[in-house]
Chemist: 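Take this structure first; my questions come after.
So you know, we letter chains A, B, ... as the sequences are listed, proteins then strands, and number each from 1.
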Number of protein chains: 2
Amino acid sequence: MAESNPANTRDAEYLAKLQDYYANWKSIPSYAALCEVFGIASKSWVKAILDRLEKVGFVERTPDGMWIPTRQFFARPLSDVSVPAGMPVMVNDTHTDYFVIDDMLIDAPSKTTLIPVKGDSMLGAGIHDGDVAVIEKRNLANVGDIVVAIVDGEFTLKTLDKERGKFILRPENQAYPVIRPEGTLEIFGVLIGLVRKYKH
Amino acid sequence: MAESNPANTRDAEYLAKLQDYYANWKSIPSYAALCEVFGIASKSWVKAILDRLEKVGFVERTPDGMWIPTRQFFARPLSDVSVPAGMPVMVNDTHTDYFVIDDMLIDAPSKTTLIPVKGDSMLGAGIHDGDVAVIEKRNLANVGDIVVAIVDGEFTLKTLDKERGKFILRPENQAYPVIRPEGTLEIFGVLIGLVRKYKH
DNA sequence: TTGACATCAGAACGTTCGTTCTTTAGGATG
DNA sequence: CATCCTAAAGAACGAACGTTCTGATGTCAA
C-alpha cells in the first residue's frame with residue numbers, strides 16, 4: 001500500500017474541502033459544483049486537482065468514470081502502533097493503514113443484520129452479554145461457524161458442529177448443554193463480526 | 001425515530017440493491033447506471049423508484065439535484081430478535097430499531113484511534129488476537145478501565161488496577177504476569193469499544 | 001370483460017457534464 | 001529581463017444526463 005500525501009499543501013487543502021463536502025453530502029459532486037467547493041472558477045483545474053488526488057490514492061473512478069473516494073479518503077488512521085496484549089514488545093512503525101469500521105464488518109448491507117447478544121453461553125468464544133453480533137443472513141453454514149440457528153422456533157447463537165453425522169449446536173461455556181436438534185435445524189445466519197461498547 | 005419502510009417489497013429490493021451498490025462504490029450513480037443495478041431498462045422508472053425512496057426517507061437530493069443517501073440509508077436493523085446466547089427463549093417481535101455502527105462506537109472522531117490487538121493476554125476479557133480495539137486517546141483513566149498504556153516506551157493493552165497504592169497493569173490471562181511499572185505509568189488511551197471480524 | 005392500477009419500456013429534448021485546448025497572471029530562476 | 005513553471009480562467013464541443021410523455025404489459029377486483 002503506497003503511503004502518499006497530497007503532493008503539495010494546496011492539494012491538501014483541496015482534499016480537506018472535498019472531505020468536508022463528502023462528510024456532509026456523502027457524494028462527490030460535479031466539476032461545476034466542485035468549483036464552488038474549492039473556491040475556484042475553472043472546471044479544468046478542478047479536474048487537474050482530482051487527477052492529482054487520484055495519483056496519490058485519495059479518489060478513484062468507477063468504470064462509468066464517476067469519481068469516488070477511496071479507503072484512504074476516509075482518514076481514520078488504523079494506528080501505526082500494534083498493541084501487544086501479550087508481552088510488551090517494541091513499537092514497530094512505518095506502516096499506516098486506513099480503516100472504516102462499517103466497511104470492515106459489512107460486505108452486503110442488505111443481507112446483514114445486527115443482533116444484541118443476551119446471556120453468556122458463548123463466553124468461551126469471547127462473546128459477552130450485551131455485545132452486538134453482526135449477522136449475515138443465509139441458511140447454509142460450515143461446521144465450526146458460529147451461527148444464529150432457529151431451534152423449535154427459537155433463536156440462539158451457537159457454534160455449529162457435527163456429531164455422529166448429525167448437526168449439533170455447541171455453546172462455548174461448559175455451564176450450558178449442547179443442543180441436539182430433533183427436528184430440522186434451520187440456520188438464520190452466520191456470525192461475521194462482533195461489536196462491543198464499553199461504558200464509562 | 002420515524003419508522004418508514006419502503007412502501008412495497010419491490011421497492012425494498014431496489015433499496016437493497018442500491019445499498020449494496022453504495023457499499024461498493026460510495027456513490028449513487030446515474031439513472032442509466034442504476035438501470036443495470038436494478039435490472040430494469042427504463043430510466044424514468046428508476047427515477048420513479050428513487051422518488052418513492054425519497055418519500056420514505058432513504059435518499060434525498062443535494063441543492064444541485066444530486067441523489068444522496070440519508071442517515072436512514074446507512075442504519076442497519078437492530079434485529080427485533082434478541083439472540084439468547086444462553087438458553088433459547090421465545091422471539092419477541094414487533095419492535096424494530098436502527099443503528100449505525102460508527103455512531104455507536106465513536107463519540108469523538110478526532111480523539112479516537114483504532115488499534116489491532118496482538119496476543120492473547122486479555123483473553124479473559126473477551127479480547128482476542130486480531131480484534132480491533134477502539135481507543136479514545138486521553139491520559140487519565142479509572143481503576144477497572146482497560147487501557148493502552150505506555151510502559152518503558154512500549155504499548156500494551158491491560159486492565160488498570162491498584163495494588164498497595166500503586167497503579168498496576170493486570171492482564172486477563174493467568175499465563176501472563178502482572179506488570180508493576182517502576183517508573184511512571186503513562187496512559188495512551190482508554191478502551192471504549194471492540195470490533196471483531198470473523199473470516200470465512 | 002372491463003376498467004383501474006402498478007410496473008415498466010422507449011423516445012424526445014433541452015440542459016448539463018466532462019474533456020480538451022488555448023490563454024492569462026504571477027512568482028521564481030537564471 | 002527573458003523565460004520557465006505553477007495555478008488558474010475561459011471557451012468550445014460532443015456525449016451523457018435528467019426529465020417528461022406516451023405506450024405496453026400484467027394483474028386484480030368489480
Side-chain angles (χ1 to χ4, degrees), chain A residues 2 4-70 72-73 110, chain B residues 4-70 72-73:
Chain A
S4 22
N5 287 321
N8 53 59
T9 50
R10 219 165 297 231
D11 279 355
E13 283 168 31
Y14 290 136
L15 174 61
K17 286 178 178 174
L18 184 56
Q19 286 169 328
D20 287 350
Y21 182 95
Y22 191 94
N24 271 337
W25 301 106
K26 268 122 188 52
S27 78
I28 296 179
S30 69
Y31 288 158
L34 279 174
C35 284
E36 278 205 29
V37 174
F38 289 166
I40 60 184
S42 162
K43 280 196 296 175
S44 57
W45 191 240
V46 168
K47 176 171 151 53
I49 292 167
L50 285 183
D51 282 340
R52 289 200 299 276
L53 289 181
E54 182 183 24
K55 225 168 229 165
V56 290
F58 285 92
V59 295
E60 59 184 343
R61 310 186 78 142
T62 64
D64 315 321
M66 193 174 225
W67 287 110
I68 56 171
T70 61
Q72 196 181 176
F73 184 90
S110 61
Chain B
S4 32
N5 286 323
N8 54 58
T9 51
R10 220 167 298 232
D11 279 354
E13 283 169 31
Y14 289 136
L15 174 61
K17 284 177 180 176
L18 184 57
Q19 286 169 326
D20 288 350
Y21 183 94
Y22 192 95
N24 270 336
W25 300 107
K26 277 127 198 37
S27 79
I28 295 178
S30 68
Y31 288 157
L34 279 174
C35 284
E36 279 204 29
V37 174
F38 289 166
I40 61 184
S42 163
K43 280 195 295 177
S44 57
W45 191 239
V46 167
K47 176 172 151 53
I49 292 167
L50 285 183
D51 283 340
R52 290 199 299 276
L53 289 181
E54 182 183 24
K55 225 168 229 164
V56 289
F58 285 93
V59 295
E60 58 185 344
R61 309 185 80 142
T62 64
D64 315 321
M66 195 175 223
W67 288 110
I68 56 170
T70 62
Q72 194 181 180
F73 184 91

Chemist: Are Lys55(A) and Asp51(A) ion-paired here, with the side-chain N under 4.0 Å from a carboxylate O?
Modeler: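 No, no charged N to carboxylate O under 4.0 Å.
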Chemist: Could you tell me whether the phosphate oxygens of dA8(D), OP1 or OP2, come under 4.0 Å of any side-chain nitrogen or oxygen in Tyr14(A)?
Modeler: yes
Chemist: Measure CZ/Phe38(A) against P/dA7(D) and give the value in whole Å, please.
Modeler: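 Result: 14 Å.
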Chemist: Could you give the CG-to-P distance, from Asp51(A) to dG18(C), as a whole number of Å?
Modeler: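 The distance from CG of Asp51(A) to P of dG18(C) comes to 12 Å, rounded to the nearest Å.
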Chemist: Which value, rounded to the nearest 0.5 Å, describes the distance between Gln19(A) atom CD and Ile28(A) atom CD1?
Modeler: 10.0 Å
Chemist: When the distance from CD1 of Ile49(B) to P of dC8(C) is rounded to whole Å, what number comes out?
Modeler: 6 Å
Chemist: Do the rings of Tyr31(B) and Trp67(B) sit parallel, tilted or perpendicular, given the 30° and 60° boundaries?
Modeler: tilted
Chemist: Could you tell me whether a side-chain N or O of Thr70(B) sits under 3.5 Å from a main-chain N or O of Gly57(B), the two making a donor and an acceptor?
Modeler: yes
Chemist: Quick check on ring-ring contact (aromatic ring centres under 6.0 Å, His included): which of Tyr21(A), Trp45(A), Tyr14(A) does Phe38(A) satisfy it with?
Modeler: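 Exactly one pass, corresponding to Tyr14(A).
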Chemist: Whole angstroms only, please: what is the CH2-C1' distance between Trp45(A) and dA8(D)?
Modeler: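 Checked: the CH2 to C1' distance equals 6 Å.
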Chemist: Taking atom types as they are modelled, is there a donor-acceptor pair under 3.5 Å from the base of dA8(D) to the side chain of Ser42(A)?
Modeler: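 No, no donor-acceptor pair under 3.5 Å.
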Chemist: How long is the line joining CD1 of Ile40(A) and P of dT6(D), in whole Å?
Modeler: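 It works out to 17 Å between those atoms.
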Chemist: Output the rounded distance in Å from CE (Met66(A)) to P (dC17(C)).
Modeler: 11 Å
Chemist: In the structure I gave you, are the side-chain heavy atoms of Asp11(B) and Val56(B) within less than 4.5 Å of one another anywhere?
Modeler: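 Not in contact.
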Chemist: Nearest-Å distance, CZ (Arg52(B)) to C1' (dC8(C))?
Modeler: 10 Å
Chemist: Just by protein heavy atoms under 4.0 Å, how would nucleotides 13-21 of chain D read 5' to 3' in B, S and -?
Modeler: ----SBBBB
Chemist: Send over the distance from Leu34(A) CG to dC17(C) C1', rounded to a whole Å.
Modeler: 12 Å
